[in-house]
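Report on the structure given below.
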Amino acid sequence: MEKYKVEINNSQGIIMGDNNEVKDITFNISGTEYEDLDLQKFKNELLILEAFLKQKKEKKNEEKVLLADIIDVNQVIEEKESKENIMKQIKNSANEVFLNTSVALGTNTITAIISKFLGV
C-alpha cells in the first residue's frame, strides 16, 4: 500500500460502516490558499509601503526593520518565487507595525493578509 501525505486544517470527516477504523491520518493540500492573489496589486501595495517608509526622515527601529522586510519580500517576488513562498516571507515579517502601517496607507490586500497571519 502506498503512503499519501495530505493535511486539512479545521475540517471534519466521517467514516461509515461496520468495523471501520481511522488512525494517524494527516492531510496536506498545498498551493491553493493564495491562488486568487493578484500579485501585481500586491506588489503595487508593497511599493506604496516601501516608498512611504523610505521618505520618512526619522524612522523608529521597528520601521527600519519593516522597510528591510518589505525589500526582502519584493526580492522574493522579483525572483519569481511561488505565491506560497511569498506568503511565507510575509508571514515571517507580520507584526503590529506592518499591520498598522498598511492600514494607515490603505493597502487593503496586505492588510487582509497580515491580519490573517496575526489572527486579528
Side-chain angles (χ1 to χ4, degrees):
M1 180 176 189
E2 292 184 45
K3 290 186 178 183
Y4 296 92
K5 184 175 180 180
V6 181
E7 183 177 321
I8 298 175
N9 294 317
N10 302 321
S11 297
Q12 297 179 8
I14 63 168
I15 186 168
M16 297 175 58
D18 295 335
N19 301 319
N20 290 328
E21 190 175 320
V22 177
K23 291 183 182 179
D24 303 322
I25 293 181
T26 302
F27 292 98
N28 184 4
I29 301 171
S30 63
T32 58
E33 189 171 2
Y34 302 103
E35 291 298 319
D36 59 347
L37 175 66
D38 182 341
L39 201 52
Q40 187 58 49
K41 182 177 180 182
F42 180 77
K43 184 176 179 178
N44 290 341
E45 289 187 7
L46 280 175
L47 292 174
I48 290 168
L49 289 168
E50 183 178 343
F52 170 78
L53 290 167
K54 279 184 174 179
Q55 64 82 31
K56 198 168 181 185
K57 289 184 180 10
E58 293 186 29
K59 296 175 193 64
K60 298 176 184 174
N61 285 338
E62 297 88 2
E63 293 170 326
K64 292 176 185 176
V65 170
L66 177 56
L67 179 57
D69 288 342
I70 289 170
I71 291 169
D72 289 345
V73 172
N74 277 325
Q75 178 79 30
V76 171
I77 292 171
E78 291 300 319
E79 293 172 356
K80 307 275 191 232
E81 290 284 340
S82 68
K83 289 179 182 177
E84 186 176 346
N85 287 342
I86 293 167
M87 290 303 108
K88 284 180 185 176
Q89 187 73 33
I90 287 284
K91 186 174 185 176
N92 291 338
S93 305
N95 60 38
E96 290 295 320
V97 174
F98 203 161
L99 179 63
N100 293 338
T101 305
S102 66
V103 167
L105 295 177
T107 53
N108 298 329
T109 302
I110 292 174
T111 298
I113 291 168
I114 300 285
S115 295
K116 180 179 178 178
F117 287 144
L118 295 177
V120 178

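On a predicted model such as this, the values are computed, not experimentally measured, just so you know. In what follows, residues are counted from 1 in the order of the sequence shown.
Residues I71 and I90 share a single hydrophobic cluster, defined by chaining ILVMFWY side chains whose heavy atoms lie under 4.5 Å apart. The hydrophobic cluster containing L47 does not contain V73, counting ILVMFWY residues as joined when their side-chain heavy atoms lie under 4.5 angstrom apart, directly or transitively.
Nearest heavy atoms, F42 versus M87: CZ-CE, 3.8 Å. Shortest non-hydrogen contact noted between E63 and K59 is OE1-CA, 3.4 Å. In this structure, L49 and I70 approach most closely via the heavy-atom pair CB-CD1, 3.6 Å.
To the nearest 0.5 Å, the span separating CD1 on I48 from NZ on K43 amounts to 13.0 Å. Atom NZ in K64 sits 12.0 Å away from atom CG in L53 (nearest 0.5 Å). Separating the CG atom in L39 from the NZ atom in K41 is a distance of 13.0 Å, to the nearest 0.5 Å. Here the CG-CD1 distance, from N74 to I86, works out to 9.5 Å after rounding to the nearest 0.5 Å.
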If you look only at distance, which donor and acceptor atoms sit under 3.5 Å apart when one is on a side chain in residues 102-112 and the other is two or more places apart or in another chain?
{"residue": "S102", "atom": "OG", "partner": "F98", "partner atom": "O", "Å": "3.2"}
{"residue": "S102", "atom": "OG", "partner": "L99", "partner atom": "O", "Å": "2.9"}
{"residue": "S102", "atom": "OG", "partner": "T111", "partner atom": "OG1", "Å": "3.0"}
{"residue": "T107", "atom": "OG1", "partner": "S102", "partner atom": "O", "Å": "3.1"}
{"residue": "T109", "atom": "OG1", "partner": "E45", "partner atom": "OE2", "Å": "3.3"}
{"residue": "T111", "atom": "OG1", "partner": "S102", "partner atom": "O", "Å": "3.4"}
{"residue": "T111", "atom": "OG1", "partner": "T107", "partner atom": "O", "Å": "2.9"}

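With contacts defined as side-chain heavy-atom distances shorter than 4.5 Å, the pair V97/V65 does not qualify.
Shown are E62, K56, K54; of these, the side-chain contact (heavy atoms from CB on, under 4.5 Å) with L67 is made only by K54.
Residues N44 and Q40 have side chains that bring a donor and an acceptor to within less than 3.5 angstrom of each other.
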